[in-house]
Amino acid sequence: MARPELFVTPGYGQKFHELLHFSQALKIGDRVEISGQGGWNDELEIPDSIASEIELAFENVQRTLAAAGAEWKDVVHVNSYHVGGFPPIVNQTIAGLFRKYMPPPIWTQTGVEALGLPAMRIEIRVTAILE
């Protein structure tokens with residue numbers, strides 16, 4: 001059995017690792033699992049626009065996948081967690097980013113009351129399988 005490897009995303013991931021003692025990604029064999037990524041910058045600031053927050057969350061997923069040797073094209077499953085419901089801009093933005101980054105994944109959306117940072121409205125967690 002392959003030995004698990006843990007990865008910390010450079011920048012914001014190092015802050016989370018120091019503050020909350022968790023890793024951003026886990027690789028076991030050809031499978032990569034990442035923790036939920038929000039639409040924050042390296043200072044953990046979140047944009048006012050929900051579309052910008054979603055775009056930044058996708059960029060952070062990409063950064064975290066790269067730390068573990070994966071890419072969006074390797075992603076097979078997406079879980080997204082949403083505060084504030086599902087206004088049309090949310091699904092439009094996510095679908096557009098799916099088209100930009102990857103083949104169609106399986107996707108589960110879940111509405112939640114709150115996320116890890118008070119200003120967060122979205123968090124994205126993925127599973128990737130390396131070729």
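What you see below is based on every heavy atom in this structure, not just the backbone, and it leaves out hydrogens, waters and symmetry mates. Nothing here was measured: the structure is a model prediction, and the numbers come from that model.
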Worksheet entry | Smallest separation among heavy atoms of His77 and Pro105, with atom names | N-CB, 4.5 Å
Worksheet item: Would you say the side chain of Tyr101 lies within less than 4.5 Å of the side chain of Val75, judging by non-hydrogen atoms?
Response: no
Worksheet item: Are any of the side-chain heavy atoms of Thr9 and Asn60 separated by less than 4.5 Å?
Response: no
Worksheet item: side chain to side chain contact (heavy atoms under 4.5 Å, CB included) with Lys27: which of Ile34, Val32, Leu6?
Response: Val32
Worksheet item: Can you tell if the side chain of Phe98 reaches within under 4.5 Å of the side chain of Pro104, non-hydrogen atoms only?
Response: no
Practice prompt. Examine Val8 and Trp40 and state if one hydrophobic cluster contains both, with Ile, Leu, Val, Met, Phe, Trp and Tyr joined whenever side-chain heavy atoms are less than 4.5 Å apart.
Written response: no
Discussion item. Which label fits Phe16 and Phe22: parallel for a plane angle under 30°, tilted from 30 to 60°, or perpendicular past 60°?
Written reply: tilted
Worksheet item: Distance-only, no hydrogens or angles: does the Asn91 side chain make a donor-acceptor pair with backbone N or O of Phe86 under 3.5 Å?
Response: no
Worksheet entry | Ile124 reachable from Ile89 in the ILVMFWY side-chain graph, under 4.5 Å edges | yes
Worksheet item: Can you list every pair that meets side chain to side chain donor-acceptor pair (under 3.5 Å) and has a residue in residues 29-38, with sequence neighbours left out?
Response: Tyr12-Gln37, Gln24-Gln37, Arg31-Glu33, Glu33-Arg125, Glu33-Thr127, Ser35-Gln37, Gln37-Thr64
Worksheet, complete the sentence: The reported gap from CD1 in Ile122 to OG1 in Thr93 (rounded to nearest 0.5 angstrom) is 8.5 Å
Worksheet item: Quick one: are Val126 and Met102 in side-chain contact, heavy atoms under 4.5 Å?
Response: no
Fill in: Common cluster, Val76/Phe58, ILVMFWY with side-chain heavy-atom separation under 4.5 Å
no
Worksheet, complete the sentence: Phe7 and Ala68 have their tightest heavy-atom pair at CD1-CB, 3.6 Å
Fill in: Which atom of Gly69 lies closest to which atom of Leu130, heavy atoms considered
O-CD2, 3.6 Å
Discussion item. Donor-acceptor pair, distance only, cut-off 3.5 Å: does the side chain of Glu18 make one with the backbone of Lys15?
Written reply: no
Fill in: Closest heavy-atom pair and its distance - Val83, Ala114
CG2-CA, 3.8 Å
Discussion item. If hydrophobic clusters are built from ILVMFWY residues whose side chains come within less than 4.5 Å, do Leu97 and Val90 share one?
Written reply: yes
Discussion item. Tell me the closest heavy-atom pair linking Leu115 and Arg121, and the distance in Å.
Written reply: CD1-C, 3.8 Å
Practice prompt. Of all the heavy-atom pairs spanning Leu56 and Gly39, show the shortest one and how long it is.
Written response: CD2-O, 3.4 Å
